[in-house]
Amino acid sequence: MTLKTTGLSLLKVIGKVGAWAFETDQPIDCVAYLDWDLGCFVLELFIPLVSSQVRVAIMPSKSVPIPDDLEFDTNLFLLPGCYQNDLKSVIIPEGFVRDRVKQLAHEIHEAIGDKPLILLCVLKGSYRFFTTLADELSVARHQCKSAIKVDFIRTKSYEDTASSGKVQIIGLTNQDELKGQNVLIVEDIVDSGLTMSRLVHTLQDLGAKQVWTSVLLSKRITRQVEVPEDFVAFNIPDKFIVGYGLDYNQHFRDLNHICVMSEQGIAKYKSS
Ligand SMILES: O=P(O)(O)OC[C@H]1O[C@H](OP(=O)(O)OP(=O)(O)O)[C@H](O)[C@@H]1O
Ligand code: HPA
């Protein structure tokens, strides 16, 4: 179990459940309880000086770790001819992704339950993760009385392999539809954390009732900004990866497996 912040980033979680702790330079009062709706323990912290409330939900974190040195030879896979020599290795084969996303859908359903839910797809990178997760979640929720709804938002911040540091929100289909709703953000990757942070704050500003985050890939690096990662499929090494929707300058999204590029691929598609 790990501690996750689900509220404002006014505190820094530095420990794990069993020996957990948190840091703040403010005097605080706190209360802990079991939230049956959320399906987890919640720690509420009251910070009088800034008159804010921070909620820390203790969620089961079952993400699958991909070891630093796990790389499969590309010759073991059927890869599109157009990418020949542009890829160095496969780090997560498509079958493994699908299997894990199926499990993740059950983990989400166990935690969130039957309540009305909007799945928010973060385009473009999440389009494949989103369709797989939405399908699996519909199966997991087959006895629910409330149907899943879907919505879409587009963000952009990367050129080549680096974030510009400025997250543009390019499109949100219907802002009013999210007001007062339970929203599950469906994001392909958390790297610096800047995009997820912008999304969570945008949804809070739009008046969403409850916001959870589901993430296909959580990169093992120090975040530029701490973000809630409630449901994570894989925890991956610090490598720039492509495939299963993820791109390098708009290339490789159609690749089925999650891969690392070769030097040739990086040079070939580098922005001028
Ligand atoms: O944690 P961060 O460092 O912010 O990185 C994560 C974001 O970067 C990518 O988006 P990108 O801006 O490349 O747009 P895309 O989804 O269209 O590929 C990815 O799809 C995430 O949304
Ligand atoms: O490793 C990555 N690959 C593709 N897109 C990304 N956006 C953030 N990190 C990555």
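Note that ligands are numbered from 1 as they come in the structure, with each ligand's atoms numbered from 1 the same way. Position 1 is the first residue of the sequence, and the numbers go up from there.
The distance from ligand 2 to the heavy atoms of Lys219 drops below 4.0 Å at these ligand atoms: 1 (O), 2 (C), 9 (N). Atom numbering of ligand 1 starts at 1 in the shown order; those under 4.0 Å from a heavy atom of Ile189 are 6 (C), 19 (C), 21 (C). Atoms of ligand 1 found under 4.0 Å from any heavy atom of Glu187 (numbered from 1 in listed order, with element): 21 (C), 22 (O). Interface atoms of ligand 2 facing Asp247, defined by a heavy-atom separation under 4.0 Å, are 4 (C), 5 (N).
The single protein non-hydrogen atom nearest to atom 9 (N) of ligand 2 is Asp191 OD2, 2.8 Å, given as residue, atom name and distance. Nearest protein heavy-atom neighbour of atom 3 (N) of ligand 2: Ile241 O, 2.5 Å. The closest protein non-hydrogen atom to atom 7 (C) of ligand 1 is Thr195 OG1, 3.5 Å. Among protein heavy atoms, the minimum distance from atom 14 (O) of ligand 1 is reached at Thr155 O, 3.5 Å. The nearest protein atom to atom 10 (C) of ligand 2, hydrogens excluded, is given as Phe240 CE1, 3.5 Å; this is a heavy-atom distance. Atom 11 (P) of ligand 1 has Ser157 N, 4.1 Å as its closest protein atom, hydrogens excluded (heavy atom only). For atom 5 (O) of ligand 1, the closest heavy atom belonging to the protein is Tyr158 CE1, 3.3 Å. Of all protein heavy atoms, the one lying nearest to atom 16 (O) of ligand 1 is Gly125 N, 2.9 Å.
Counting all heavy atoms, side chain and backbone alike, Ala233 lies closest to Leu104 at N-CD1, 4.0 Å. Nearest heavy-atom pair, Lys219 versus Ile189, reported as atom, atom and distance to 0.1 Å: CE-CD1, 4.0 Å. When all heavy atoms of Asp114 and Ser146 are compared, the closest pair comes out as O-OG, 2.9 Å.
Considering backbone and side-chain atoms alike, Ile189 places every N or O at 3.5 Å or more from each N or O of ligand 2.
In the model, Ser126 has a side-chain atom that pairs as donor or acceptor with a side-chain atom of Glu187 under 3.5 Å. For the residue pair Thr132 and Tyr244, a side-chain donor N or O sits within less than 3.5 Å of a side-chain acceptor on the partner.
Only the side chain of Tyr158 comes within 4.0 Å of ligand 2, counting heavy atoms alone; its backbone N, CA, C and O stay farther away. With a 4.0 Å heavy-atom cut-off, ligand 1 is reached by the side chain of Asp247 but not by its N, CA, C or O. In Asp188, the part holding a heavy atom less than 4.0 Å from any atom of ligand 1 is the side chain. When non-hydrogen atoms are compared, ligand 1 lies under 4.0 Å from neither the backbone nor the side chain of Lys166.
For Arg198, the closest heavy-atom approach to ligand 1 does not fall below 4.0 Å. Look at Val242 and you'll find every heavy atom at least 4.0 Å from all atoms of ligand 2. Under a 4.0 Å heavy-atom criterion, Asp188 is not in contact with ligand 2. Using a 4.0 Å heavy-atom cutoff, Leu123 is listed among the residues neighbouring ligand 1.
With salt bridges taken as basic N to acidic carboxylate O contacts below 4.0 Å, one links Glu107 and Arg100. Ionic pairing of Lys149 and Glu177 is not present here: no N-O contact between side-chain nitrogen and carboxylate oxygen is shorter than 4.0 angstrom. A salt bridge does not link Lys124 with Asp247: every distance from a Lys NZ or Arg NE/NH1/NH2 to an Asp or Glu carboxylate oxygen is 4.0 Å or more.
Proximity of a side-chain donor or acceptor of His142 to a complementary backbone N or O of Val139 within less than 3.5 Å is detected.
The environment of Gln103 atom CD is dense: over 12 non-hydrogen atoms of other residues, nucleotides or ligands sit within 6.0 angstrom.
Taking a distance limit of 4.0 Å, we find that atom 3 (O) of ligand 1 is approached by some protein heavy atom.
Ring geometry for Tyr158 versus Phe240: interplanar angle of 30 to 60°, hence tilted.
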